[in-house]
Asker: 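A single structure is presented below for examination.
Any value given below was found using the heavy atoms of this structure, including those in side chains, with hydrogens, waters and symmetry copies removed. Source: prediction; values computed, not measured.
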Amino acid sequence: MSGTETTGIATASRAEYCVVACAEAWRDAGEILASPMGTVPAIGARLARLTFSPDLLLTDGEALLMGDTPALGSGPGSVEGWLPFRQHLTLTATGRRHVMMGASQIDRHGNQNISCIGDWSRPTRQLLGVRGAPVNTLNNPTSYWVPKHSERVFVEHVDMVSGVGYDRAAAAGPSATRYHRISEVVSNLGVFDFETPDRTMRLRSLHPGVSVEQVAEATGFALTVPGEVPLTRDPTEAELRLIREIIDPQGLRDREVPA
């Protein structure tokens, strides 16, 4: 499994394939707020805004809507609005936001855990807590980013439900399913979705250099695998230039997904 792959235009790293896969979550999203959590998703959201989703709204990570698209780690050169926490929550509750969260655990139905590991009455690890995951998943499109795909993350059953999956949303009824949508899961091995009859996780594409067998071995449940699994699309020459020279000139992406 190599760290870089030749696209025919340029040589892209595994991290750059992950960036492009994350960017695709916001393709043609329109004027909604993108909330990327993690280095690679943040680069992906910026890439989407500079290419195929120019109306995407991005914040500086605090309370300012950025008028431009600065490099990762830099402040905005122009500000187009103020988005304090209460207004951010309003956007979330009305579906005008697409968040890409992390997942300490995720199962075949898309239930996500960022709260604790182990039995709820006596967990072995305390994590972030549920935070806004239930509101995110029930009110606006949600995707997930997992930089280290393993059986410890992709599990048969999550220890604590933070983000709501398709099975639990269905069990809760129309009030939960009306706006519930898990768009995709991106990991350092591939891209996954829930476009199956029973809304369980499907392998949508493999990053170059990764095999179906590698993904299966690193997943703690049986994935739906199509007869032919395509490769994650190549970054274009223009996208690679934006990633390397404009958005992430410091190469922070390679710290999250090493070559």
Asker: Starting from the C-alpha separation in whole Å, work towards a yes-or-no answer on ring pair (Phe, Tyr, Trp, His ring centres under 6.0 Å) for Phe192 and Phe154.
Answerer: CA-CA 11 Å; Phe192 309 82; Phe154 289 77; 5.8 Å; yes

Asker: Check whether any side-chain N or O of Asp68 sits under 3.5 Å from a backbone N or O of Gly77 as a donor-acceptor pair, and report yes or no.
Answerer: yes

Asker: Check whether any side-chain N or O of Ser74 sits under 3.5 Å from a backbone N or O of Pro70 as a donor-acceptor pair, and report yes or no.
Answerer: no

Asker: Assess whether atom CZ of Arg152 is packed by more than 12 heavy atoms of other residues, nucleotides or ligands within 6.0 Å.
Answerer: no

Asker: Is any side-chain heavy atom of Arg131 less than 4.5 Å from a side-chain heavy atom of Ser162?
Answerer: no

Asker: Answer with yes or no whether the hydrophobic clustering places Leu58 together with Leu83; edges join I, L, V, M, F, W, Y residues whose side-chain heavy atoms lie under 4.5 Å apart.
Answerer: no

Asker: Decide yes or no for Val79 and Leu65: does some side-chain heavy atom of the first lie under 4.5 Å from some side-chain heavy atom of the second?
Answerer: no

Asker: Show your reasoning for whether side-chain contact (heavy atoms from CB on, under 4.5 Å) applies to Ile246 and Arg241.
Answerer: CA-CA 7 Å; Ile246 305 300; Arg241 186 180 69 254; 5.9 Å; no

Asker: Given 3.5 Å as the limit, does a donor-acceptor pair link the side chain of Ser53 with the main chain of Arg49, or not?
Answerer: no

Asker: Measure across Gln112 and Gly163 and return the closest heavy-atom pair with its distance rounded to 0.1 Å.
Answerer: OE1-N, 2.8 Å

Asker: At their closest point, which heavy atom of Ile106 faces which heavy atom of Tyr144, and how far apart are they?
Answerer: CD1-CD1, 3.6 Å

Asker: Is there a path of hydrophobic side-chain contacts, each under 4.5 Å between heavy atoms, that joins Val186 and Val20?
Answerer: yes

Asker: Nearest 0.5 Å, what's the CE-CG distance between Met201 and Asp107?
Answerer: 7.5 Å

Asker: Given side chains that start at C-beta, do those of Leu206 and Val215 come closer than 4.5 Å, heavy atoms only?
Answerer: yes

Asker: Does Pro141 offer a backbone N or O that forms a donor-acceptor pair with the side chain of Ser183 under 3.5 Å?
Answerer: no

Asker: So, do Ser35 and Met100 sit near enough that their side-chain heavy atoms are less than 4.5 Å apart?
Answerer: no

Asker: Compare every heavy atom of Ile182 with every heavy atom of Phe194, then report the nearest pair and how far apart it is.
Answerer: CE1-CG2, 3.5 Å

Asker: If we ignore hydrogens and angles and just use 3.5 Å, is the side chain of Asp254 paired with the main-chain N or O of Pro258 as donor and acceptor?
Answerer: no

Asker: When rounded to the nearest 0.5 angstrom, what is the spacing between CG in Leu47 and CD1 in Ile43?
Answerer: 9.5 Å

Asker: Any idea which heavy atoms bring Cys116 and Asn113 closest together, and the distance?
Answerer: O-ND2, 2.7 Å

Asker: Rounded to the nearest 0.5 Å, what separation is found between the OG1 atom of Thr69 and the CG atom of Leu50?
Answerer: 4.0 Å

Asker: Can you find a pair of side-chain heavy atoms, one from Glu256 and one from Pro41, that are under 4.5 Å apart?
Answerer: yes

Asker: When you measure from the side chain of Asn139 to the backbone N and O of Val135, does any donor-acceptor pair fall under 3.5 Å?
Answerer: yes

Asker: I need the minimum non-hydrogen distance between Ala218 and Leu189, along with the two atoms involved.
Answerer: CB-CD1, 4.1 Å

Asker: Of all heavy-atom pairs between Pro249 and Ile247, which one has the smallest distance, and what is that distance?
Answerer: CD-C, 3.4 Å

Asker: For the pair Val158 and Val161, evaluate side-chain contact (heavy atoms from CB on, under 4.5 Å) and give the outcome as yes or no after the intermediate values.
Answerer: CA-CA 6 Å; Val158 297; Val161 176; 3.8 Å; yes

Asker: Is any side-chain heavy atom of Leu72 closer than 4.5 Å to a side-chain heavy atom of Gln250?
Answerer: no

Asker: Are any side-chain N or O atoms of Asp60 and backbone N or O atoms of Leu64, one a donor and one an acceptor, separated by less than 3.5 Å?
Answerer: yes

Asker: Go through it in stages, so that I can follow the logic: the residues are Trp145 and Glu184, the test is side-chain hydrogen bond (donor to acceptor under 3.5 Å, both in side chains), and I'd like the CA-CA distance, side-chain angles, deciding distance and then a yes or no.
Answerer: CA-CA 9 Å; Trp145 161 241; Glu184 62 184 46; over 6 Å; no

Asker: Charged N to carboxylate O under 4.0 angstrom, Glu31 versus Arg96?
Answerer: no

Asker: Give a yes or no on whether Tyr179 atom OH has more than 12 heavy-atom contacts from other residues, nucleotides or ligands under 6.0 Å away.
Answerer: no

Asker: I'd like to know if the side chain of Gln214 and the backbone of Ser211 have a donor-acceptor N/O pair within less than 3.5 Å.
Answerer: yes

Asker: Under a plain distance cut-off of 3.5 Å, with no hydrogens placed, do His98 and Ser143 share a side-chain donor-acceptor pair?
Answerer: yes

Asker: Just one of His149, Glu156, Glu151 clears the side-chain hydrogen bond (donor to acceptor under 3.5 Å, both in side chains) bar with Thr219, so which one?
Answerer: His149

Asker: Under 4.5 Å between side-chain heavy atoms, hopping through other hydrophobics if needed: is there a path connecting Val185 to Trp26?
Answerer: no

Asker: Mind checking whether Arg97 and Asn136 have side chains closer than 4.5 Å, heavy atoms only?
Answerer: yes

Asker: State yes or no: do Val257 and Val19 share one hydrophobic cluster built from I, L, V, M, F, W and Y residues joined by side-chain heavy-atom distances below 4.5 Å, directly or via other members?
Answerer: yes

Asker: Any side-chain donor paired with an acceptor under 3.5 Å for Arg202 and Thr196?
Answerer: no

Asker: Can you confirm whether the side chains of Arg181 and Asn140 place a donor and an acceptor under 3.5 Å from each other?
Answerer: no

Asker: Output the distance between atom CE (Met37) and atom CD1 (Ile114), rounded to the nearest 0.5 Å.
Answerer: 7.5 Å

Asker: Taking side chain as C-beta onward, heavy atoms only, is Thr59 less than 4.5 Å from Leu33?
Answerer: yes

Asker: Applying side-chain contact (heavy atoms from CB on, under 4.5 Å), run through Ile32 and Leu56 and close with a yes or a no.
Answerer: CA-CA 6 Å; Ile32 67 164; Leu56 207 60; 4.0 Å; yes

Asker: Do Asn111 and Tyr166 have side-chain atoms, one donor and one acceptor, less than 3.5 Å apart?
Answerer: no

Asker: For Arg233, is there an ion pair with Glu239 - N to carboxylate O distance below 4.0 angstrom?
Answerer: yes

Asker: Leu128, Val130: one ILVMFWY side-chain cluster at the under-4.5 Å cut-off?
Answerer: no

Asker: Taking Arg253's backbone N and O only, do any of them form a donor-acceptor pair with Asp248's side chain (distance below 3.5 Å, no angle check)?
Answerer: yes

Asker: Okay, side chain of Arg14, backbone of Asn188: is any donor-acceptor separation there less than 3.5 Å?
Answerer: yes

Asker: Assess whether side-chain contact (heavy atoms from CB on, under 4.5 Å) is satisfied between His207 and Leu231, documenting all intermediate values.
Answerer: CA-CA 6 Å; His207 301 327; Leu231 295 178; over 6 Å; no

Asker: Applying side-chain hydrogen bond (donor to acceptor under 3.5 Å, both in side chains), run through Asp198 and Thr200 and close with a yes or a no.
Answerer: CA-CA 6 Å; Asp198 60 353; Thr200 54; 2.8 Å; yes

Asker: Any ion pair linking Glu195 and Arg204 (charged N to carboxylate O, less than 4.0 Å)?
Answerer: no

